[in-house]
Amino acid sequence: MKVDWPKPNRIPGMIDALGIAGLLGLLIARFIPVAKWVPFWGCPLRQTTGWPCPACGLTRVADRVAHFNLPGAWHANPLGTVAALLFALAAVLTLLHLVFRMPLPEVTLTAREARAVRALVVLAAVVNYAFVVVQAKFPQLL
Amino acid sequence: MQARCPHCRNVFPTERTGVQFCPHCGREIDVPNAAATPVAPGAVPPPPPPPSGPAPSSASEGWNGGASGAASGPAASANAEGERVAWERRAELGWGKALWLTWKGSLFAPESFWRGVRPDGPPVDALLYAWIVFAVGKLLSLPFALVSPGGNWAQEILRQSGEQNPQMTRYLEAVGQSGPWSAVGGLALSALLFPVGLVIIAAILHLFALLFSAAKNGYWATFRALAYACSPYAFAISCLGLVSWIYSVVLTILGLARLQETTHGKAAAATLTPFVLTCCSCCVLGVVFAGLLGSAMH
């Protein structure tokens, strides 16, 4: 793995885009109760079959993270909670980068490391979905 | 400068040196760092005449997946010389003509169009193009928004299907009573917020491109692919909205494959996985809606 620190700059990049997404998403989750305002908000798969989809619980995660209820968010969707926290971190980094010209590190992975990271992400998604399914269908196992 | 592919022996114009893909056979070649060299590698002048037939069968392994026939037609001519996309030459072409050529090329000759789009080009140009196209689409859909009966059609479907959902009915009544001007406001707001949305969607798309090893040229290449793939939104009017969205997804896949120098399979996986993962609910919603529509029609 190679980490480069560029000079102080305000050049927007990937992290900034994710930061904007995180900032807007968490602000909406904090101040707009989407699930209450829109009556058909929810997972039709879960409503019709009883089985959750891989993204089930993400609205609750955003709402709870935005209200600093991390245990509640973790209960709804663990990987979603990690993603929401990473989005929040990206939002902070974006502010520091765009306002104070703080340089963001440029990380370059070797092919092997990149494969390992991808495998980890896929594994985390599978484990997370298994957790969500068990929690919805077989809560007695937890 | 001109470069010659050592595999298929065809000559093609390129603006940079280094590892890149032959637009004819799709194989990876390394153009040496000799800017003054007119033909490279294996400089064997004079160059053969440009190909006029279909690509060799070996193209199936490359990023252009065999759709690398010679550029033809007026739309393709805008990019046939390997120049920048027409929109990025609007200073010399004029805004109207550049917009028209870019729109036409991206819609009707996407493979040759994407060949002319550089991964490292200015993202602001792509954003401006997408914004204008999106705004034009919103303007064209304005009359439909003004005469739209709001949520009445959905209420009718619910009533005929026997679905009794008071909360849903209240919501649809509120939508129906809000009048056409709220729809106009919605259109204007969506056009205003379009750049922010594009930046965010590009970021999500690029995350999945990273996951599928299709992010060689960085975030802004993904952004440019997504922005130029917005061309179909110019006719996202009423019922054509779904069609234009689907075609935009197809263009995004083609553009991502080209600008990130990856295969169409990886580009498709990166583009479609977010929908599969997070929008499977929407798919089911579509099925449920289709069922409701079907029962209402009977």
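First the proteins, then the strands, lettered A, B, ... as listed; each starts at 1.
For the atom pair NZ of K137(A) and CZ of R46(A), the computed distance is 9.5 Å after rounding to the nearest 0.5 Å.
When the candidates I204(B), L207(B), V196(B) are compared by the number of heavy-atom contacts under 4.5 Å with chain A, L207(B) comes out ahead. Heavy-atom pairs under 4.5 Å with chain A were tallied for G218(B), G197(B), S213(B); the largest tally goes to S213(B).
W245(B) and F275(B) have perpendicular rings, their planes meeting at more than 60° on a 0 to 90° scale where under 30° would count as parallel.
Taking each heavy atom of H97(A) and M102(A) in turn, the nearest pair found is CD2-O, 2.9 Å.
Of the two parts of I15(A), neither the backbone nor the side chain holds a non-hydrogen atom closer than 4.5 Å to a non-hydrogen atom of chain B.
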**Request:** Could you go through the ring pair (Phe, Tyr, Trp, His ring centres under 6.0 Å) check for W220(B) and F223(B) one step at a time?
**Result:** CA-CA 5 Å; W220(B) 292 112; F223(B) 180 86; 5.2 Å; yes
